[in-house]
Amino acid sequence: MKYLQIALPVIATMAFSYFLQIYFSNNQNQIVGLFSQYRSSVILLYILLQSIAIVFPPLGGMIFLLALIAVIGPKAIFVSYFVSTPCYILNFVLAKKYGRPLVEKLIGRESLTKFDHLTKDAGIPALVAIKIFLGGAFDYISYVTGLTKISLRDFIKVNILAGIPGTFLM
């Protein structure tokens, strides 16, 4: 029963996420229009949508960032840094607390297997490189890293400090 309480919301969220991903990918102009329509509160709308996209990885958040860039310009990339950094920490904490079963349900068994190698074998230097150069996949990496022996403190340092050059590269 305990696993069912976790599994049902996760499955429903994943199904909803896939639907949203397909919808947003096929209607990019409407998303930009939506963001433009709420000009005064576009940042709050972005924070909400991007946070959902990061915490539930099947939903990609790049479309939200592109829409925000279209509305407020390049400073949207810095807004993205301040939104994504705490979300990645949340992913890490969720993985530490609930373990492999939750992570597998959120990111899928195949993705977990692919990212396991990167996080388990390489350690903190590789995590820094991944954060700088593969920032778009860091929602998955943050979950998988939560399954390793890397401490929350070290993860926060890497997430914040390596995120800065990663943001400039973006």
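Residue numbers count from 1 along this sequence.
- Pairing each heavy atom of Ile150 with each of Phe92, the nearest pair is O-CZ, 3.3 Å.
- The side-chain heavy atoms of Leu127 and Asp154, taken from C-beta on, include no pair separated by under 4.5 Å.
- The backbone N or O of Ser80 sits less than 3.5 Å from a side-chain atom of Ser84, completing a donor-acceptor pair.
- Taken from CG in Leu94 to CD1 in Ile89, the straight-line distance is 12.0 Å, to the nearest 0.5 Å.
- Checking side-chain atoms of Tyr143 against main-chain N and O of Val55 turns up a donor-acceptor pair under 3.5 Å.
- The shortest heavy-atom contact between Ala53 and Asp139 is O-OD2, 4.1 Å.
- Atom-to-atom distance recorded for Ile141:CD1 and Ile130:CD1 is 4.5 Å, nearest 0.5 angstrom.
- Rounding to the nearest 0.5 Å gives a distance of 10.5 Å between CZ of Phe64 and CD1 of Ile54.
- Applying the side-chain hydrogen bond (donor to acceptor under 3.5 Å, both in side chains) definition to pairs two or more places apart or across chains, those involving residues 155-165 are Lys131-Asn159.
- The side-chain contact (heavy atoms from CB on, under 4.5 Å) search around Ile160 returns Tyr81, Thr85, Ile156, not counting sequence neighbours.
- Here NZ of Lys96 is found 9.5 Å from NZ of Lys149. Values are rounded to the nearest 0.5 Å.
- Annotation for Leu65 and Gln50: closest pair N-OE1, 4.4 Å, computed over non-hydrogen atoms.
- Nearest approach of Val83 to Ser51, heavy atoms of both residues: CG1-OG, 3.9 Å.
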Check against side chain to side chain contact (heavy atoms under 4.5 Å, CB included), Val103 and Arg100: CA-CA 5 Å; Val103 174; Arg100 195 168 188 86; 5.6 Å; no

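- Ile72 CD1 to Ile77 CD1: the interatomic distance, rounded to the nearest 0.5 Å, is 10.0 Å.
- To the nearest 0.5 Å, atoms CG (Leu112) and CZ (Arg109) are separated by 9.0 Å.
- Annotation for Phe82: atom CZ does not count as buried by contact number, only 12 or fewer foreign heavy atoms lying within 6.0 Å.
- Phe138 and Tyr88 have their aromatic ring centers within a separation under 6.0 angstrom.
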